[in-house]
Amino acid sequence: MSLASTGVVRRLRSGFSRSAATAAGPTAPGPTAAGLTAIGPTTATPGRAARPAVTVAAKARAWAELLRLPAVLTVPGDVLAGTAAAGARPGRATALAVGASICLYEAGMALNDWADLDEDAVARPHRPLPSGRVRPRAALTAAGALTATGLALAACAGRRTLAVAAPLAATVWAYDLKLKHTAAGPAAMAAARGLDLLLGAAAADRPLRPALVPAATLAGHTCAVTLVSRRETEGGSPAAPLTALAATAALTASLLSAPHHPAADHPAPHHPAADRPTAHHPTPHHHAVRTALALGYLTTAAGPLVHAALHPSPALVQRAVGAGIRATVCLQGALAARAGAPATGLLTAALAPAAARLARKVSTT
């Protein structure tokens with residue numbers, strides 16, 4: 001499933017983009033290619049120089065870096081928040097939608113590096129493609145296969161799910177191949193994340209209208225992070241971090257406000273599996289979880305943005321982008337809790353520590 005600069009897509013990915021993409025873990029530069037590649041016994045033939053044999057583990061690690069595996073844990077929360085916004089419980093179709101979302105996100109990651117091969121050869125020669133640890137043709141093939149798999153999973157979840165997944169896939173490919181370095185880049189990245197949340201509502205076979213405001217909220221956050229990421233390699237301007245900080249404050253205020261639910265005006269057909277306490281009848285527990293997750297979103301994103309605004313060096317801007325990606329998980333959880341699904345919100349937020357631990361083992365830069 002990504003959207004701007006190449007930094008966000010590597011870490012996010014509103015694969016959908018890069019998001020912002022890049023990613024759920026620390027933003028410090030990753031180790032060199034030599035440090036990432038495990039070298040096995042050398043092989044040689046008469047008349048040729050010895051060539052190191054790459055081990056299976058090294059190959060697997062290269063693909064994990066290409067696909068930014070730590071960032072994958074920021075993806076399920078999109079669909080879960082969309083399902084909660086639709087007033088439904090997660091079920092089989094939700095699981096299929098999560099699988100589709102992950103596949104489309106990872107397709108965006110592989111396609112991103114394929115499209116940026118020449119740029120990365122200069123700026124990030126340690127990445128899997130320019131370092132030769134993954135062949136460009138293999139990355140492009142993987143992007144196509146993951147896209148096809150994602151659409152197939154969406155079709156299994158239902159026609160309405162496929163109807164959302166198809167434009168999502170188109171947005172991913174358009175962003176990576178054409179829009180990334182244009183003025184439309186941040187909007188494309190934001191659209192991808194918003195569509196990913198709507199995927200959850202479609203999988204629940206409920207009207208999409210109640211999920212439109214949460215989708216716009218997630219898209220707004222993604223757009224702000226993407227704008228910051230455009231200066232992450234050179235730094236130099238406090239404008240983008242200040243804009244993102246203002247957006248973060250506004251989104252936090254909206255999360256803490258009393259929610260309005262269009263679903264209450266247009267209730268979905270009754271289904272026993274969907275019966276549960278909802279935000280139409282909020283409890284103190286709902287409010288407490290929503291507040292905690294909203295404040296978690298604010299504290300995760302705001303501090304690094306303040307530092308980047310005061311001292312917009314590349315390192316601090318990169319740190320702000322990484323924090324914005326990690327804050328996405330808290331935002332997803334807060335949206336689910338605000339929709340009346342505090343357990344889903346807490347489950348989503350619990351993915352953040354796992355993503356951070358995985359990021360310490362797999363380079364995403």
Side-chain angles (χ1 to χ4, degrees), residues 73-74 76-91 94 98 193-194 196-198 200-201 204 206-222 224-225 244-268 270-303 305 323-355:
L73 295 178
T74 71
D78 291 347
V79 173
L80 292 175
T83 300
R89 277 182 172 177
T94 306
V98 168
R193 276 290 188 178
D196 202 36
L197 188 145
L198 294 178
R206 300 290 182 89
L208 297 183
R209 183 182 173 187
L212 292 178
V213 171
T217 301
L218 183 61
H221 168 73
T222 303
V225 175
L245 186 61
T248 300
L251 293 176
T252 302
S254 72
L255 292 172
L256 294 174
S257 65
H260 169 69
H261 300 278
D265 303 324
H266 303 277
H270 175 76
H271 191 289
D275 287 344
R276 58 171 173 82
T278 69
H280 309 311
H281 302 91
T283 67
H285 175 63
H286 286 75
H287 179 73
V289 172
R290 173 165 60 98
T291 300
L293 292 175
L295 294 178
Y297 163 67
L298 176 65
T299 56
T300 300
L305 285 172
I325 299 305
R326 293 191 297 275
T328 301
V329 179
C330 288
L331 176 58
Q332 295 161 341
L335 289 171
R338 188 170 187 264
T344 299
L346 290 173
L347 175 63
T348 301
L351 295 175

Colleague: Quick check: closest heavy atoms across Thr248 and Ala301, and the distance to 0.1 Å?
Modeller: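 Result for this residue pair: CG2-CB, 4.1 Å.
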Colleague: Starting at CG of Leu255, measure out to CZ of Arg338 and round the result to the nearest 0.5 Å.
Modeller: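 Atom-to-atom, Leu255:CG and Arg338:CZ are 6.5 Å apart.
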Colleague: Walk me through whether Val329 and Leu73 qualify under side chain to side chain contact (heavy atoms under 4.5 Å, CB included).
Modeller: CA-CA 8 Å; Val329 179; Leu73 295 178; over 6 Å; no
Colleague: Can you list everything that forms a side chain to side chain contact (heavy atoms under 4.5 Å, CB included) with Ala244? Sequence neighbours excluded, please.
Modeller: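 Ala224, Val228, Leu305.
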Colleague: Can you name the residues that form a side chain to side chain contact (heavy atoms under 4.5 Å, CB included) with Ala302, not counting sequence neighbours?
Modeller: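 Leu245, Leu298.
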Colleague: Minimum heavy-atom separation for Thr222 to Arg193, with atom names?
Modeller: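 Nearest heavy atoms, Thr222 then Arg193: OG1-CG, 3.3 Å.
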Colleague: Name every donor-acceptor pair, under 3.5 Å, that has one atom in a side chain of residues 340-350 and the other anywhere in the protein, sequence neighbours excluded.
Modeller:
{"unit_1": "Thr348", "atom_1": "OG1", "unit_2": "Thr344", "atom_2": "O", "d": "2.9"}

Colleague: Answer whether the closest heavy-atom distance between the side chains of Leu335 and Leu197 falls below 4.5 Å.
Modeller: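 Yes. Closest side-chain heavy atoms under 4.5 Å.
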Colleague: Between Leu251 and Gly220, which heavy-atom pair has the shortest distance, and what is it?
Modeller: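 It is CD1-C, 4.3 Å.
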Colleague: What are the two closest heavy atoms between Pro90 and Thr83, and how far apart are they?
Modeller: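 So the two residues come closest at N-CG2, 4.0 Å.
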Colleague: So how far is it from Leu256 CG to His287 NE2, rounded to the nearest 0.5 Å?
Modeller: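 With rounding to 0.5 Å, CG (Leu256) is 7.5 Å from NE2 (His287).
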Colleague: May I ask you to decide if Ser257's main-chain N or O and Arg290's side chain share a donor-acceptor pair within less than 3.5 Å?
Modeller: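 Flag set: sc Arg290 to bb Ser257 pair under 3.5 Å.
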Colleague: Measure across Ala88 and Ala204 and return the closest heavy-atom pair with its distance rounded to 0.1 Å.
Modeller: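 Smallest heavy-atom distance, with atoms named: CB-CB, 3.6 Å.
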Colleague: Please report the interatomic distance CG(Leu212) to CG(Leu198), rounded to the nearest 0.5 Å.
Modeller: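 Result: 6.0 Å between the selected atoms.
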Colleague: Below 4.5 Å, heavy atoms only, C-beta onward: do Leu351 and Thr74 meet side chain to side chain?
Modeller: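 No, their side chains stay 4.5 Å or more apart.
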Colleague: Are His221 and Thr328 close enough, and set up right, to give a side chain to side chain contact (heavy atoms under 4.5 Å, CB included), and what steps lead you there?
Modeller: CA-CA 8 Å; His221 168 73; Thr328 301; 3.2 Å; yes
